[in-house]
Structure formats: structure tokens, C-alpha cells
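Let me begin by presenting the structure, written as C-alpha cells, before commenting on it.
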Amino acid sequence: MSSQSAPAAGGNPPHGLAYNLAGIAVLVLMLAVGAAYLIDELGRLARAPVPALTDGDPVTQTISGRELAIPAAWFRFGEQIRTGFTDQIDLRVMLTATDGTALPVDVTLLPRSRARTSASLLDGVYLHQFSQETLSGVVGLVGKPMRAQNGYAGESVWYDALSPNPFVAKCLKIEEKEGPGKCLRTVHLPSGIAAIYSFDATVLQSWRQFDAGMEQWLTRMGAY
């Protein structure tokens, strides 16, 4: 008579059950490691110093033939903190809002030839894509949604209609649960460098202070 026993009816063989349990254990371990990395990254961001105009420890970089002295605390990405020539610099600075709060603005510096200004795009591109609706909510700026059928769903343009060199920003609406919308504004600086600003839509309320506020940071590093 054979001494081997058959698996229980309707169940998996013991080795199959062990394999499944091992797979679950690996998955749980991966999730735990991922959570640990996420917590560490959030903690690192929380510990990151807030950029200030008084920061020292300058890093010398040259872009578009212009030598800049940028405090290390202003760089968004650690791998960019090195001296020498470059064709792109990514920074984070702070704008003082009308109520006195400090709002973060991400700044990307590029050669002038690589970026069209928002003001030129207003006349050359945006005006031809506006829908009939006009948005409200930012005093002094006209808000126009873009036509969704042309690939601009959820996007809008806010601009100062009274200025010959207007403040212009294009914004993308984000689901409310994910936070405020994001806006982009591109300008050409007197130095010949282009600056692309990325910021939360809440910053639009302080649009009258925006360019003067950014000029302080740009002048401090020698980019203006």
C-alpha cells in the first residue's frame, strides 16, 4: 500500500500555499520599504531651509555668458550644485504676498533663445484659442479659459489688459482635492537670460508684486 497522502480536496498543495505566502510577504516588505522612503523624503523636505535673500554659500555658474553667484540653498536639485558652465538652472525662491505671507516660486533659467515670453504668446497664440467665457477672481487681471477642443482642456490665461508689456500667466486647473492650479509665466531678463516661473494659482492674487519680487532674487544672484 502506498504511504503517500493526497492533498485535501479543493485545496492547494502545501508547496503552493507556501509560495503564495512568500509572495505576500515580499509584497508587504516592498510596501514597507516604499513607505519608509516616502517618510524619509517628506522629512527631508520638511527640514529643507526656506530660501532667503540673505543666504550665503554661493555657487558660481555661467549661463548664456553670464556668471551668476547663487546661494546653495536656492537650488531645487542637489545635482545642480556645482560650479561651471550650464544651460539650465532650477531654483526655488519666495514671493512676499500682499498679506505678508511667503509663497514659493520655482524658477528655471535658460538661454533666451530657448523660451518665448508669455507676453508674446498672448498675441501670437493664446488670443486665438480663447473661449467666449471670461473668468473672475483676480482683481486687475482678465481671465480667459482656453478652448478644450484644441487640446487646452482645463487651461486658462490671466493677463493685464491695460499694459503694453502685460503680466501674463497660463494656468492649469487641478482637481480641488489635489490643491490649487499651477501657473507658468516666462520672461526675458535684461541680462539675456530667460526665466520661467512656476507657481500655485494662489500667487496670482499678488501679481502686481510678482515681477518686482522676482527681480530682487535675480539681482541678488546676478541674473537680472
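- Here the closest non-hydrogen pair linking Trp158 and Cys171 is CD1-SG, 3.9 Å.
- Residues Arg76 and Asp106 meet the side-chain proximity criterion, which asks for heavy atoms closer than 4.5 Å.
- When side chains are defined from C-beta on, Phe167 counts as touching Arg185, because their heavy atoms get closer than 4.5 Å.
- Placement of Leu110 and Tyr197 in two distinct hydrophobic clusters is found when ILVMFWY residues are connected by side-chain heavy-atom separations under 4.5 Å, directly or transitively.
- Put simply, the side chain of Cys183 does not reach to within 4.5 Å of the side chain of Val203, judged on heavy atoms.
- The shortest side-chain heavy-atom distance between Phe75 and Gln61 falls under the 4.5 Å cut-off.
- Contact annotation: the side chain of Ile70 approaches that of Ile89 to within less than 4.5 Å [non-hydrogen atoms, C-beta and beyond].
- The backbone N or O of Thr186 sits less than 3.5 Å from a side-chain atom of Ser118, completing a donor-acceptor pair.
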Show your working on side chain to side chain donor-acceptor pair (under 3.5 Å) between Thr134 and Lys144 and close with a plain yes or no. CA-CA 5 Å; Thr134 297; Lys144 298 292 291 186; 3.3 Å; yes
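- Under a hydrophobic-cluster definition in which Ile, Leu, Val, Met, Phe, Trp and Tyr are linked whenever side-chain heavy atoms come within less than 4.5 Å, directly or via other members, Ile63 and Val59 are assigned to the same cluster.
- Between the CZ atom of Arg114 and the CD1 atom of Ile193 there is a distance of 12.5 Å, given to the nearest 0.5 Å.
- Tracing side-chain contacts under 4.5 Å through hydrophobic residues (I, L, V, M, F, W, Y), one reaches Leu103 starting from Leu204; they form part of the same cluster.
- Put simply, OH on Tyr224 and CG on Leu218 are 8.0 Å apart, with the number rounded to the nearest 0.5 Å.
- No donor-acceptor pair under 3.5 Å is formed between the side chain of Trp207 and the backbone N or O of Tyr159.
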For a side chain to side chain donor-acceptor pair (under 3.5 Å) check, start with the C-alpha distance between Asp99 and Thr101, then their side-chain angles and the critical distance, and finish with the verdict. CA-CA 6 Å; Asp99 62 359; Thr101 59; 2.7 Å; yes
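- The pair Asp160-Arg208 does not meet the salt-bridge criterion, since no charged nitrogen lies less than 4.0 angstrom from a carboxylate oxygen.
- Taking NE2 of His128 as the reference point, atom CG of Leu122 lies at 9.5 Å (rounded to 0.5 Å).
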Decide ring pair (Phe, Tyr, Trp, His ring centres under 6.0 Å) for Trp74 and Trp217; before the verdict, give the C-alpha distance in whole Å, the side-chain angles of both, and the deciding distance to 0.1 Å. CA-CA 10 Å; Trp74 297 8; Trp217 296 85; 4.8 Å; yes
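- Side chain of Thr117 to main chain of Ser120: a donor-acceptor pair is present (N/O by atom type, distance under 3.5 Å, no hydrogens or angles).
- With contacts defined as side-chain heavy-atom distances shorter than 4.5 Å, the pair Thr62/Leu68 does not qualify.
- In this structure a side-chain-to-backbone donor-acceptor pair under 3.5 Å is present from Arg220 to Leu53.
- Counted within 6.0 Å of CD on Gln149, heavy atoms from surrounding residues, nucleotides or ligands total more than 12; the atom is thus considered enclosed.
- Taking hydrophobic clusters as Ile, Leu, Val, Met, Phe, Trp and Tyr residues chained together by side-chain heavy-atom distances below 4.5 Å, Leu184 does not share a cluster with Leu141.
- Minimum heavy-atom separation, Ala73 to Pro51: O-CG, 4.1 Å.
- Hydrophobic clustering keeps Val142 apart from Leu135 (ILVMFWY residues linked when any side-chain heavy atoms are closer than 4.5 Å, directly or through intermediates).
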CA sep, side-chain torsions, deciding dist, call: Phe210, Phe199, ring pair (Phe, Tyr, Trp, His ring centres under 6.0 Å): CA-CA 11 Å; Phe210 189 92; Phe199 48 90; 5.0 Å; yes
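- Using a 4.5 Å heavy-atom cutoff, the side chains of Leu91 and Leu109 are in contact.
- Proximity of a side-chain donor or acceptor of Gln205 to a complementary backbone N or O of Gly137 within less than 3.5 Å is detected.
- Proximity of a side-chain donor or acceptor of Arg147 to a complementary backbone N or O of Phe130 within less than 3.5 Å is detected.
- Of the possible donor and acceptor atoms, none in the side chain of Gln88 sits under 3.5 Å from a partner among the backbone N and O of Thr108.
- Proximity of Asp57 to Pro71: side-chain heavy atoms (C-beta onward) are nowhere separated by under 4.5 Å.
- Side chain of Arg92 to main chain of Val107: no donor-acceptor pair is present (N/O by atom type, distance under 3.5 Å, no hydrogens or angles).
- His188 contributes no side-chain N or O that, together with a main-chain N or O of Arg116, makes up a donor-acceptor pair within less than 3.5 Å.
- Between Glu155 and Lys170 there is a salt bridge, since at least one side-chain N of the basic residue sits less than 4.0 Å from a carboxylate O of the acidic one.
- Checked by atom type and distance alone, the side chain of Ser206 pairs as donor or acceptor with a backbone atom of Thr98 at under 3.5 Å.
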Criterion side chain to side chain contact (heavy atoms under 4.5 Å, CB included) on Val50 and Met94, from CA distance to verdict: CA-CA 8 Å; Val50 176; Met94 308 300 290; 3.9 Å; yes
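- A side-chain contact (heavy atoms from CB on, under 4.5 Å) with Met214 holds for exactly one of Leu95, Val187, Leu189; it is Leu95.
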